[in-house]
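A note on names: the letters A, B, ... follow the listed sequences, proteins ahead of strands, and every chain is numbered from 1.
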Number of protein chains: 2
Amino acid sequence: MNYLKPEQTYVALLHYPVYNKHGEVITSAVTNLDIHDIARVVQTYGLGGYYLATPVKNQYRLLAETLEFWQKGTGKEYNPTRSRSFDQTKVVSSVAAVRKELGKNSLWVATTAKKRPNCITLDDVRDWGERHPDRNTVFLFGTGYGLTDEFISSYEHILCPIEGGTLYNHLSVRSAATIIIDRLFGR
Amino acid sequence: MNYLKPEQTYVALLHYPVYNKHGEVITSAVTNLDIHDIARVVQTYGLGGYYLATPVKNQYRLLAETLEFWQKGTGKEYNPTRSRSFDQTKVVSSVAAVRKELGKNSLWVATTAKKRPNCITLDDVRDWGERHPDRNTVFLFGTGYGLTDEFISSYEHILCPIEGGTLYNHLSVRSAATIIIDRLFGR
């Protein structure tokens, strides 16, 4: 029995603060397939929403225009199915904007590919959902080389990384988000 | 207990014969993130291999050059982790070439987003793996709008589609492959 409700579960993809491959803190560029792939998973599993966050003005505008194309513009006629995948997608400037919408009562879960000593499991998240049936859950994902340690450490709840049974552990953020949502709500 | 062995499990991504959005049979163009995302999942879960198949000569060459860049060229120095994700990746011209390498004794499983009356489940695949511990399993995925009905029908084993609990069912091929591999070998 799954006590977490998909419609009360949210995904936020943050383009800042994340690492680049040299371990420097950057704002990553928006990637078209991050928008599409995760939006399609969010829609397929009936989640509450998908937030795309970037503080860079022209990237924000690019995202807003892309979404408008699909939600209202030519894209809607061109491909109604693709258009529908964006019903739950929103562009915001930062995680603070997501927090403003979803409130402090939500369970905020930061994700990372690095194992933290006190990380929580998806079973822990489900238990929380059972104890708080009226509250939302928000999963935070980072693009690039992942959310910074400082950012991650500012969250009480950090999800244990996905393990594939090998020493190689470099999934795309698209794959990681897909797996977490499927493990929670698939089947 | 999972009887299927990851190192005996293969993924093939076919760019032909697939549908476009009008239901016409086409050869789809190679997409960069299809190469990367699925290769990273294959490597993370320790699968036997990942075949990228296209019959179009310049697309084949593009793929071969991309792989060579990562496997041997500048990409290996630039990003060794990314390079390693391609250890198990190969370019071929068609599914026939994959068949030549993996043989007729393998279990060939075609995938589609459309539900077929006699589709098999991942439990069926696991059972088969238990009964045939020395044989390979190959999952066939189509790009674009999916493998054609005619192609799918030529396979005895067709996997039941992933269901997310809503009427919307339009995952990217990257997400679909990720989910199937995680369901088989994750945790």
Looking at B/Tyr16, I want to see if its OH is surrounded by more than 12 non-hydrogen atoms of other residues, nucleotides or ligands under 6.0 Å.
no

When only heavy atoms count and the cut-off is under 4.5 Å, which of residues 117-125 of chain A reach chain B?
none

Residues of residues 53-75 of chain A contacting chain B, heavy-atom criterion under 4.5 Å, by residue number:
none

Should [X] and [Y] be regarded as members of a common hydrophobic cluster, given that ILVMFWY residues are connected when their side-chain heavy atoms come within less than 4.5 Å of each other, either directly or indirectly?
| X | Y | result |
| --- | --- | --- |
| A/Phe139 | A/Leu13 | yes |
| A/Val109 | A/Ile181 | yes |
| B/Leu14 | B/Ile180 | no |
| B/Trp128 | B/Val138 | no |
| B/Phe86 | B/Leu52 | yes |

Considering heavy atoms only, which positions within residues 19-51 of chain B lie below 4.5 Å of chain A?
B/Lys21, B/Thr31, B/Leu33, B/Asp37, B/Arg40, B/Val41, B/Gln43, B/Thr44, B/Tyr45, B/Gly46

Neighbourhood of chain A inside residues 154-179 of chain B, taking heavy atoms under 4.5 Å as contact
B/Ile162, B/Glu163, B/Gly164, B/Gly165, B/Thr166, B/Tyr168, B/Asn169, B/His170, B/Leu171, B/Ser172, B/Arg174, B/Ser175, B/Thr178, B/Ile179

